[in-house]
Every structure is written in structure tokens, then in C-alpha cells.
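Because only heavy atoms are used, hydrogens play no part in the values below, and waters and symmetry mates are left out as well, while side chains stay in. This structure is a prediction, so every number in the text was calculated from the model and none was measured. Order of the sequence lines fixes the chain letters, A, B, ..., with proteins taken first and strands second; residue numbering starts at 1 for each chain.
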Amino acid sequence: MDRDASPRYPFAMKKGDHLFLVDGSGYIFRAYHALPPLNRKSDGLPTNAVLGFCNMVWKLMRDARDTDVGVTPTHFAVIFDYSSKTFRNDLYPEYKANRSAPPEDLIPQFGLIRHATRAFSLPCVEMEGFEADDLIATYCRMAEEAGADATIISSDKDLMQLVSPAVSMYDPMKDRQIGIPEVIEKWGVPPEKMIDLQALTGDSIDNIPGVPGIGPKTAAQLLEQFGDLDTLLSRAEEIKQQKRRESIIENADKARLSRELVTLKRDVPVKEVPDDFVLEPSNGAKLLAFLKAMEFTTLTRRVAEATGTDAAEIEPADIPVERADSAHGPDMETAPAEAADETAGAAPAMDEGDTPSLLAALRAGAATAEKIDVDAYHTITDLQTLKDWIEEAFETGVVAFDTETTSLDPMQAELVGFSLATRPGRAAYVPLGHRQGAGDLLGGGPVEGQLPVREALAELKRLMEAPSVLKVAQNLKYDLVVMSRYGLDIAPYDDTMLISYVLDGGAARGHGMDSLAEKWLGHKTIQFGEVAGTGKSFIGFENVAIDKATRYAGEDADVTLRLWQVLKPRLAAKGLASVYERLERPLVPVLARMEQRGISVDRQILSRLSGELAQGAAAIEEEIYGLIGERINIGSPRQLGEILFGRMGLPGGSKTKTGQWSTSAQLLEDLAAEGHELPRKIVDWRQLTKLKSTYTDALPGYIHPETGRVHTNFALAATTTGRLSSSDPNLQNIPVRTAEGRKIRTAFVADKGFKLVSADYSQIELRVLAHVADIAQLKQAFAEGADIHAITASEMFGVPVEGMPSEVRRRAKAINFGIIYGISAFGLANQLSIPREEAGAYIKKYFERFPGIRDYIEATKTYAREFGYVETVFGRRIHYPEIRSPNPSVRAFNERASINARLQGTAADIIRRAMIRMEPALTEAGLSARMLLQVHDELIFEVADDEVGATIPVICDVMENAPMPARSLSVPLRVDARAALNWDEAH
DNA sequence: ACAGAAGCTTA
DNA sequence: GTAAGCTTCTGTT
């Protein structure tokens, strides 16, 4: 960087200038430990280090204007560590290796302090691969070369080597200046010999070896005698004391390595130069907005007084503690307060965003401070050791755990072992059901030396149910179902998968442990397949060797605990704690119970249906073969397309994106409408074979051998919008639209003496739309219980609701649904089979009648573009990292999705709230109804015959009032509920 | 044995 | 036009 060639800056640093360099990272730790714990009142966000930092900077800046102090900064910067990995780790892998993770309540403060720095209009400087100390050393050199002075705001002895006539240090906590005399007084050597002194003494905190037996006093004395380290090492034989002499000769290499480690790098290729640090006039409003957001009342008042600002008039800043992880596309999560920063010109260096620095700060602490070593985990095979570990968990108050089983299906899984982690790197596996000799016919016997399951579980139960110990798991619902079958409950708990889901819904591809470990810890986990095999080579976890299982299971617990340390504080920091605590965490046991209960499915009905479908399909098949003259595979779209559009030459053929003939139902329907016989038969055949293969044939295979019921799996963190999903089997897509399909629902039955009750929200997403977009006509229509589609049609086409043609209403209905899906002329045209121009005209007309909806759509798009996410009424965030894509179709897709997400997501939040409230409400009412299924806007219960009458009003009441008391919708919610012997009739 | 495409089911 | 999961076919490993 040749800034000497021609001065690019009007404020080039010159003689008489004074550069202040704050050791930000050092200060964070000192302030944290020096100050009592402090939490933001509104949400418990820990802020003690932030307050200490703000007080310190404020004092420095105020003193800067106070000429009495004599030292007036003209340039000012705050320097941070970028990550724990630096060039020193290449030199010496153990460097700082024994640093433990920062305390949990310090972690969110790393990011906040960077925000604080910017609120003070000060530059934040950091650089990958270098410590803050190296940057400080480099800037001190630059200042000295420019003839300026520098003051380092720190008391770290590692920085004392920089002290010179032009450079001094200042300890803000003790209000003490450190110059050359102070260094000599404290260490007995002048600053330039500090490097040699540290090389001899080492540093246990940073894991710098030094020479054993040499402390600061001895080192100073030796340096006094020999002058410098090299001379000392070359003439070590002259040392009189035998032990000292031997130690120095023996450890000369260690001393030289230590010297390399402690020598600060004064030529870091920095991006910013001191000229960039010219002290700007402070921006009182921006600073106050930050202080108010932190709820620092005293400091806010002081700053307001000093700057002559009325604090009451300033809105607290929206502090995103960090930005979205934006590997793809531009950085999004930039709140207004931050965006203003850019124009304030506070930190020219920060235009690359603070994401990496923040992630790094987090990783630096909790995650990579102690490396993940899968060989370090313990295997517990005796009761006393297990008791010791459990005791340890009681002491720490937090334990991560994971179960290892024989199956992915928690209702079938048998426990094989479990693992615990009490702190990062400290994990143990307790094998219980490992077997050996799987190859022989008997399936092998148990491995010797494992704890008896009963004894181990009795101990574990004590821990799992202890109110004083927080249990942390990844996808806790699985473990909850398994453990429940062994008689264990788990509470209280946290779930790292759900925390990630709340933090990064839409931004991350998945919330599985493997991807979370990679993302947050930079660690590649052992794959399950590597341990237990895949496909044909799958052996089941019970047949995995115990040492291998220990590495795998121990890692699971260790990683889970570390993830929790990294992720949990971020919830409060981003204002998402209540989403997690109210919409996610409490739903886990509710869903676990629903899954465990399962639903009765009548085998006979399915079997009979299957036969009927087979007959029907076979008959159609013959007709098809007759029409085309050969026996092709009708299930092959490729062969079908070849026949239809190739050989038979039917019109209207279109190609899919892979260049194949499209044989979609829509297209075949159109052909059938033109009078072609074959397409109709293909559509009919497909319907029958679909029903048979997906439902009547597959469902009986899911009937549990012991319970005789079907237990679906509800996924809490699978969708972007907050909806649940159901799988194995999916009970959220059981047919309902056709009469044939509905027969399958008759196989879902209540037990003898019970009824199935289905309760579903009427038009919930349209009601949410009416509320959030605040549309008077729609709100009124819902308040009056009117037909919403008819009202829409009436408004649009000027047709009275009375005697309205069904086609008119149908079109209005399609438009209403279109709005929810983020309408496009293309989509509406497809849905209604009308030209795109006509669809466009409808949409135009609709927006003329409901301008509020157009405004709502535009506002949502603008918001999503600005922040990269949208929020539901209950505060759930759904990220759209690609919404600013330069590709118009990608962008349009993200816009539609974000419009839909607010509505679908809010509806999902509402039914989640209802589900969480439901069981206590039923219990309070003395009712025994059991919730079995959720299908997005519908809940299905099994209710004793004699309780049906009393239960339905309770269910409806809970569902209709689910938004309360958190939110009150300006539109009433309506629920329809019915009881019957099977799902078809109840629906 | 696995992955992607096509197609179909639901809200 | 939104959000999911499952089955079959097809081609690749």
C-alpha cells in the first residue's frame, strides 16, 4: 500500500496527531469479568460487557474534548480479534489451545459491542488470520512513521512491547497511563525487552511454553545480565545456578518458539490505514438509539445531556446482533439503524459486512476453542462412573444427551445406548444393548461388560427428570418418544434443531446436526452410514463395535452441547426467544404424544378397497391396450408420451424441461375435453393406481405390530413457513377431493366407544390476509359470516350475491387463493384455463376494488427486499436470501413466496398455539379427548362417545381464541367441528 | 443402491 | 401463483 506516493486523504496523519487504539477484544473479557451480571429487562439479553464498553468509550470521547487531560485523540479505532485461528496456530498448533469457551452470557455481547462501536461512529477493525494485537502493532508503527503519537487502550502485557516514546498505553479501568517507566517498574525491563522476557516466562493462558522454572523476576535478571535472549542462549553455560542453567539449555528451542509467538507482527497487510480513523463528530442520535435499545438508562441520560438531545424523541435502534449467513446473494439482514451507518461514513472498512467477524467471534469462543476430538470420549461400563457423570451434570446444570437405537422410527426403536456431554469436549457413551456375532443365524449375543439397562435407566431417569438440569438435544422429539416408551420423561429441555429453525428458517437448507456442526463449528461430523453402513451393508447400531459407537455417540452429544452454546444466546439477541419458547419448544411433547397415540386404521377396509382399485385399474388397462394396440408400461410417462404425441400424433403436445413429452393430468384433461378417448382413460388409470400404491397398499404396512395403530412422524422444522409436515406415512395428504379418494378416509376410524372429531378453521389464511392487510370489506364480510368468495365477486364484477352464477363465484375464489399464493397473471390464467391477458385484467380489477391488498403486497416485497426476511404476526422470521437475485424469475418466485409466507406462517402459528393450549384446556374441563392429527388447518381428536358433546365447544373455543392473548385479530376465526365413526364422515 | 424427474395427493 | 411427501420410472454409480 503506497500511500506515501500521493496523499489520498485530506486528513493524512501528521506530526502532532494522536491515534487512539482500543483493544476491543481484550476489553470485552475484562469488562465482562469485572462487572456484575446485567441483563436487558425486556428480554434478558446479557449486557454487562456492553455497558462497560460503552461507559469506557464514552469517557474516553468526553475526556478527548477536555483539554485538561492533555491527550486529545485525532484518530480513533477499535480493534477486534477476527477468530481464534491465526498464523500463530500454524507456527504452534497448541497456541491458545487451553482457552475454554467463553461463558454463555458473554457470547451475544461480542456482536453487540461491534454495534456499540459503530453507534459511537468509530471504525471497527479486524482481520482474518491476525490477532487484534498484531493490528495494533501495525498501526502503532504507522503512526510512529507518520510522526504521530499513539495510545493503546488496554493493559494487556502482550502489548507492552509496543511502548515507546511515541506510544503509550492506558488502562481505562484503573485510569492509569503506562509509559516506558511504568513498564520498567512493573517488569524490570524496558519495553523493547518485553518480547525476550515473555519468551522466557511463557504464558499459561495463551499456552506459550517459555522455559520451565523461569518467572518474570528471573527473566528480568537474566536479561539484565546478558542483554538479550540470543546472547543468553548462546552463553547459557555461564549461568551459575545449576537447575536454571540446565533448564535454559534444554529448553532453548522452546524459548525461541515462544519468542516467535509473542512477537507482534508490525507489518500486517491492513486494508485500512490510520488516515481512515480520523475522529468524526459523534452522532448523538445514533448513539442514543443504540443505548436506548440496550436499555442503559443512566448512560442514555448522560449522553442526552451532553449532546443536548431529547432522548425521549429517539426510537430505540433495531439491533440485529448479526446478519444472515449469506453464502448466496447479498447481505440482507441490515436494519435501518445499520443502513444509516454506511452514509455516516463511520467505518469504511466494514463494507463487507460483519457476518464473518461475528460468526468468528462466536466460534472463537464456544466452538473451536477446544477442538472436537472424537477419540477423547469415555465409554461408561460401570454404575459408579455413570453416577459420577450424572453428578457432574447436576453441578453444571446443563447436559447434552442423545440416544442410540435400532431404528429411525421412534415407535419401533430399541435403546442401544445413550451419550452425555457436560461441557465441550467432555462426553461419554453408555452402551446398553450392543450385540456381537451378528453374522450367525442366532443374531449374536450381547457384548459383555455393558451396564444392565434397568440400572442405567434408573440413574438416567433421575437426570432426565431433574428440574435443576437443562437437557439439550438435537431433535428432542425423537428421544422423547423413545424414552417415554422406557418410562422416562425429559424436562426441562432445549432443542438445538428448533433453535436453528427459529433463527434461520428459510436461510439454511436444513437444521440437521451434520449441517449445523459444519456451519457453526466448522466441523464435519461422523456420518451415521460410516458407522452402521448403508443400504445392503446396514448392520444396525446394535451391531456397531462399542469403541466406534463411542466416537459417534459422544460426538453427537458434544456437538449438540457446543451448538447449544453458540445458538441459544442468539435467540434473545435477535428478539426471537419468544418464538422459540412459545411456538416451538412447548409443541415438542404435544407432538410426541400425538405420534405415540397414533390413529386406528381398518385393515379390512383398505384391503377391500385395494382389490376394487386393482380390478378397476386392470379393466382400464385392457381398454388402453386395446386403443393403442400394444402393451406398454402405462406408468411410464416417457412411453406414454411417445405413443400419444409421437405415434398417434395427438395435438397440443408440450415438452417438459428435460425435453420429454409432458403427460400431465392437466394436459390430458384438455385433450379429453376435445373428445379424445385415450387421455381420459389414462387419467382414470392414474387415479386408481395412485390411490392403490400410495394409500391402500402402503398404509397397512405402517400399522404398528403392538399398538395396532398408525404412528406418523410430525416434523417441526421441515417447512420454511412454520407449518408442520407429516411423514412415514404422510397423513396430511390423505385424499378428500374425489369420491373414490374419500373412501380411503373411511378406513381411519375411532376405537370402539369413541368418535373421531375433526375441527377445522374456516378460511384461516384469507382471514389472516384481511387482518394484516386491513381490508375493510373483507373484515366486514368475515364479521358478518358472509360468503367471502361471493362478496369478492360482487365487489369485482358488480353482481349481486343473490343468484350469482357459480362460474362468477368460482373465478373470484381462484383470485382469492391466488392472492394468498402471491398472485401472477400466469398462474391465475393456468388455474382458470383462460388467456393470460384476461387473468391480468381480473387482477387489475381486483386491485382497483381492494387497493389495500396491493399496498400490502408491495409493502411485503419492499420489506423482504430490505431485510431479507418477512415476519408472521407472531414474530416468526422466514428468510428469503435470494429475493434480491438479479434473475427476474428467481426474484419473482421469492416475492410470491414471501407474500404467502406471512399468511401461511401466521396461520401455522395460530394452530400451533391452539395445539399447545389444547391439552391443558381439555384437562381443565375434565375431558379425556386425545389429539391425534394435525392437517395444517384441521385437528383430529379421538373422543369418548359420552364426552363428544362437551368436548367440541372446548376444542372450538381453544382454536378460535388461539391468537389471544399475544395478539388479537381484527377478524373473528371460525372453526367447524364434527364427530363421526370415521374421518370421512367427521370431516 | 441412489438421485432426479415426473406425476399426484393434501392444505 | 404458496407449502409439503410419496411412488414410479429412468439413468447413473
Side-chain angles (χ1 to χ4, degrees), chain A residues 505-506 529 533-538 632-641 655-668 682-683 685-695 697-699 701-702 712-715 718-738 740-742 744-745 760-766 769 814-832 836 839 843 857 870 878 880 889 892-905 907-908 911 933-938 987:
Chain A
T534 55
K536 213 175 160 185
S537 62
F538 177 71
I632 62 159
N633 182 350
I634 306 170
S636 163
R638 211 185 65 131
Q639 294 180 35
L640 212 50
K655 299 282 181 74
T656 66
K657 63 183 169 190
T658 53
Q660 289 199 20
W661 291 110
S662 168
T663 64
S664 68
Q666 178 66 61
L667 198 145
L668 297 180
I682 294 168
V683 169
W685 180 87
R686 278 188 183 161
Q687 193 204 356
L688 299 186
T689 52
K690 173 79 179 179
L691 292 176
K692 184 170 185 291
S693 68
T694 308
Y695 302 104
D697 287 354
L699 280 174
Y702 285 101
T712 184
N713 171 55
F714 285 111
T719 71
T720 46
T721 56
R723 274 190 177 180
L724 304 181
S725 79
S726 157
S727 65
D728 309 297
N730 181 354
L731 295 185
Q732 291 181 323
N733 71 346
I734 302 301
V736 71
R737 284 159 57 183
T738 66
E740 280 296 304
R742 264 202 304 278
I744 290 162
R745 291 199 169 210
D760 68 302
Y761 283 108
S762 160
Q763 309 283 12
I764 186 167
E765 287 176 5
L766 273 180
L769 172 70
I815 293 172
N816 276 334
F817 274 97
I819 298 294
I820 291 170
Y821 296 154
I823 200 154
S824 76
F826 182 84
L828 185 64
N830 263 340
Q831 177 66 31
L832 288 175
R836 201 184 310 183
I843 295 169
I857 287 172
V870 293
I878 300 140
Y880 290 94
S889 68
F893 175 80
N894 278 271
E895 287 171 356
R896 290 195 298 272
S898 62
I899 291 159
N900 172 256
R902 282 183 77 185
L903 307 174
Q904 189 183 113
I911 199 165
L933 301 177
Q934 189 248 44
V935 191
H936 309 309
D937 64 359
E938 174 188 13
H987 184 73

Problem set entry | Heavy-atom donor-acceptor pair, A:Arg745 side chain to A:Ile734 backbone, under 3.5 Å | yes
For this session: Find the distance between CG (A:Leu832) and CD1 (A:Ile815) and round it off to the nearest 0.5 Å.
Result: 7.0 Å
Exercise. To the nearest 0.5 Å, how far apart are CG in A:Asp728 and OH in A:Tyr702?
Worked result: 5.0 Å
Exercise. Heavy atoms under 4.0 Å, any strand shown: does A:Ser726 hit a base, just sugar-phosphate, or nothing?
Worked result: sugar-phosphate
For this session: Identify whether any heavy atom of A:Phe817 sits under 4.0 Å from a base atom; if not, whether one sits that close to sugar-phosphate; answer base, sugar-phosphate or nothing.
Result: nothing
Exercise. Taking atom CG of A:Asn730 and atom CG of A:Asn713, what is their separation to the nearest 0.5 Å?
Worked result: 10.5 Å
Problem set entry | Separation between OG1 of A:Thr663 and CG of A:Leu640, rounded to the nearest 0.5 Å | 5.5 Å
Exercise. Contact class for A:Gly635 (heavy atom, under 4.0 Å): base, sugar-phosphate, or nothing?
Worked result: sugar-phosphate
Exercise. Which part of the nucleic acid, if any, lies within reach of A:Asn633 when heavy atoms closer than 4.0 Å are counted: base, sugar-phosphate only, or nothing?
Worked result: sugar-phosphate
Exercise. Which part of the nucleic acid, if any, lies within reach of A:Ile820 when heavy atoms closer than 4.0 Å are counted: base, sugar-phosphate only, or nothing?
Worked result: nothing
For this session: Please check if the side chain of A:Tyr880 supplies one atom and the backbone of A:Ala897 the other of a donor-acceptor pair under 3.5 Å.
Result: yes
Exercise. Going 5' to 3' on DNA chain C, which nucleotide is the first and which the last to come under 4.0 Å of a heavy atom in chain A?
Worked result: C:dG1 to C:dG11
Exercise. Which is true for A:Ala698 with a 4.0 Å heavy-atom rule: it touches a base, it touches only sugar-phosphate, or it touches nothing?
Worked result: sugar-phosphate
Exercise. In Å, rounded to the nearest 0.5 Å, how long is the span from CD of A:Gln934 to OG1 of A:Thr712?
Worked result: 11.0 Å
For this session: Please list, chain by chain and in numerical order, all residues satisfying salt bridge (charged side-chain N to carboxylate O under 4.0 Å, His left out) with A:Arg742, sequence neighbours excluded.
Result: A:Asp984
Problem set entry | Footprint string (nucleotides 4-11 of chain B, 5' to 3'): B base within contact, S backbone only, - free, heavy atoms under 4.0 Å | -SSBBBBB
For this session: Could you check whether A:Ala814 gets within reach of a base, just the sugar-phosphate, or nothing at all, counting any heavy atom under 4.0 Å?
Result: base
